[in-house]
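Let me begin by presenting the structure, written as structure tokens, before commenting on it.
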Amino acid sequence: MTIESNKAIEAEEVELRQALGHFRQSVHAWSDAEYGRPRIVHPATVRTVWRIATIGALGCIVAAGALSVFLIEHRHQPGEAQTVIAPATSSQPETSLKTTAAKTPAAPLVQPGASVSDEELMASIDKDVSRIAPSAMEPLAQLMDEGEIH
Amino acid sequence: MAAGAVTRPISEQAAHTVAADEFARLVAAHRPQIFRFLLASTRDVDLAETLTQDCFLKAHLHWGQFRGDSTAMTWLIRIAINLEKDHWRSRRLRFWRSTQANSVDLDEASEWLPSGERSAEQQLLAREQVKKVWKIVETLSGRQRTVFLLRYVEDLELSEIALATGLNEGTVKAHLSRALAKVRAGVGSRV
């Protein structure tokens with residue numbers, strides 16, 4: 001090994017030691033500065049206020065929703081009862097039935113003004129609801145007779 | 001103890017007081033060093049502060065189990081290393097793992113140098129060297145970094161590092177030698 005290469009290695013070693021020394025000093029200085037720095041503690045009240053406000057708002061939304069559902073239920077119930085009760089009471093004025101029919105756009109179960117018993121009403125419902133399913137091979141002409149196909 | 005000397009048992013409360021005093025002394029003596037080690041390991045001031053707090057909380061909870069096989073400092077560093085490992089493990093599970101918003105960047109970390117009696121040129125040179133070392137430390141494996149920091153920042157002996165890390169001395173030497181080789185190559189490079 002030549003003297004030059006020895007010197008180069010020595011210089012490299014010195015540089016390494018110097019770098020390690022500076023690194024050590026730097027970490028110590030940084031740590032000392034950060035360790036001695038007073039910590040700023042953010043008050044938790046801001047977060048608490050936000051949390052309370054959020055919970056309150058969500059509570060209000062839930063309560064409003066529940067109330068509206070309750071009101072809708074109550075508003076609809078008398079109307080539905082009217083549909084069933086109306087035919088049974090013949091003394092009820094015709095106008096109330098008309099309003100009920102207007103509220104329900106579907107075909108009325110009974111003709112307005114007609115007085116029918118419960119049995120007749122149920123029979124008419126059954127007739128409207130149930131239909132005899134045509135067989136797959138049944139000719140269309142037969143269905144047309146009954147006015148099923150227009 | 002002299003023959004015939006009578007030892008009086010101390011009350012439970014007195015024992016508690018003695019243990020609390022002892023622990024308070026331990027905190028006062030070693031807290032800055034634990035904080036420094038964690039700060040160098042994480043480069044995150046807040047995280048280092050939190051982990052230091054956790055370290056002493058854990059130490060307090062297990063203070064009765066400390067048998068004194070190693071020094072209190074080595075025992076505390078071992079707790080700190082485990083806490084740091086746990087932190088990274090739990091962080092790895094999170095999808096924002098890669099975001100290290102709080103960690104200080106290399107330039108900022110390299111700014112810290114005691115002014116001393118150096119000239120401006122020497123200061124600049126020293127800063128460059130510190131930056132290079134930080135860059136290399138960042139690329140080291142977890143174990144290499146821990147061993148390197150304990151040796152060259154905390155000035156621990158190899159036997160102490162072995163106790164703190166739970167590795168045998170040969171492994172510590174190997175890790176240290178690899179880390180040092182990388183640092184030597186990095187410092188020697190003219191970028």
Item to check | Reported NE2-to-CD distance for the pair A:His22 and B:Gln123, which is rounded to 0.5 angstrom | outcome: 8.5 Å
Checklist entry - Under a single-linkage definition using a 4.5 Å side-chain heavy-atom cutoff for Ile, Leu, Val, Met, Phe, Trp and Tyr, are B:Val133 and B:Leu124 assigned to the same hydrophobic cluster? => result no
Checklist entry - Does any heavy atom of chain B fall under 4.5 Å from the side chain of A:Glu12, the backbone, both, or neither of them? => result side chain
Item to check | Student check: side-chain heavy atoms of A:Val27 and B:Leu149 closer than 4.5 Å | outcome: no
Checklist entry - Is the shortest side-chain N to carboxylate O distance from A:Glu15 to B:Arg184 below 4.0 Å? => result no
Next on the checklist: Minimum heavy-atom separation for A:Phe23 and B:Val130, please, with both atom names.
Outcome noted: N-CG2, 3.8 Å
Next on the checklist: If hydrophobic clusters are built by linking Ile, Leu, Val, Met, Phe, Trp and Tyr wherever their side-chain heavy atoms come under 4.5 Å apart, do B:Leu176 and B:Ile77 end up in the same one?
Outcome noted: yes
Item to check | Shared hydrophobic cluster for B:Ile161 and B:Leu163 (ILVMFWY, side-chain gaps under 4.5 Å) | outcome: no
Checklist entry - Going through the distances and angles, do B:Val45 and A:Arg37 end up as a side chain to side chain contact (heavy atoms under 4.5 Å, CB included)? => result CA-CA 11 Å; B:Val45 180; A:Arg37 189 169 55 93; 3.7 Å; yes
Next on the checklist: With a 4.5 angstrom heavy-atom cut-off, is it the side chain or the backbone of B:Leu125 that approaches chain A, or both, or neither?
Outcome noted: neither
Next on the checklist: For B:Phe35 and A:Tyr35, take the angle between the two ring planes, folded into 0 to 90°, and tell me which bin it lands in: parallel under 30, tilted 30 to 60, perpendicular over 60.
Outcome noted: tilted
Next on the checklist: At a 4.5 Å cut-off on heavy atoms, which part of A:Glu13 comes close to chain B: side chain, backbone, both, or neither?
Outcome noted: side chain
Next on the checklist: Testing the basics here: between B:Leu39 and A:Ser31, what is the closest heavy-atom pair and its distance to 0.1 Å?
Outcome noted: CD2-CA, 3.7 Å
Checklist entry - With B:Glu154, which residues qualify under side chain to side chain donor-acceptor pair (under 3.5 Å), at least two apart? => result B:Gln33, B:Arg36
Item to check | Heavy-atom donor-acceptor pair, A:His28 side chain to B:Val153 backbone, under 3.5 Å | outcome: yes
Next on the checklist: Is it true that, when you exclude B:Lys173 itself, more than 12 heavy atoms of the residues, nucleotides or ligands shown sit nearer than 6.0 Å to its NZ?
Outcome noted: no
Checklist entry - For B:Phe148, is it the side chain, the backbone, both or neither that has a heavy atom under 4.5 Å from a heavy atom of chain A? => result side chain
Next on the checklist: Going by side chain to side chain donor-acceptor pair (under 3.5 Å), name the residues that satisfy it together with B:Gln53, two or more places apart in sequence or in a different chain.
Outcome noted: B:Arg31
Checklist entry - Under a single-linkage definition using a 4.5 Å side-chain heavy-atom cutoff for Ile, Leu, Val, Met, Phe, Trp and Tyr, are B:Ile79 and B:Leu57 assigned to the same hydrophobic cluster? => result no
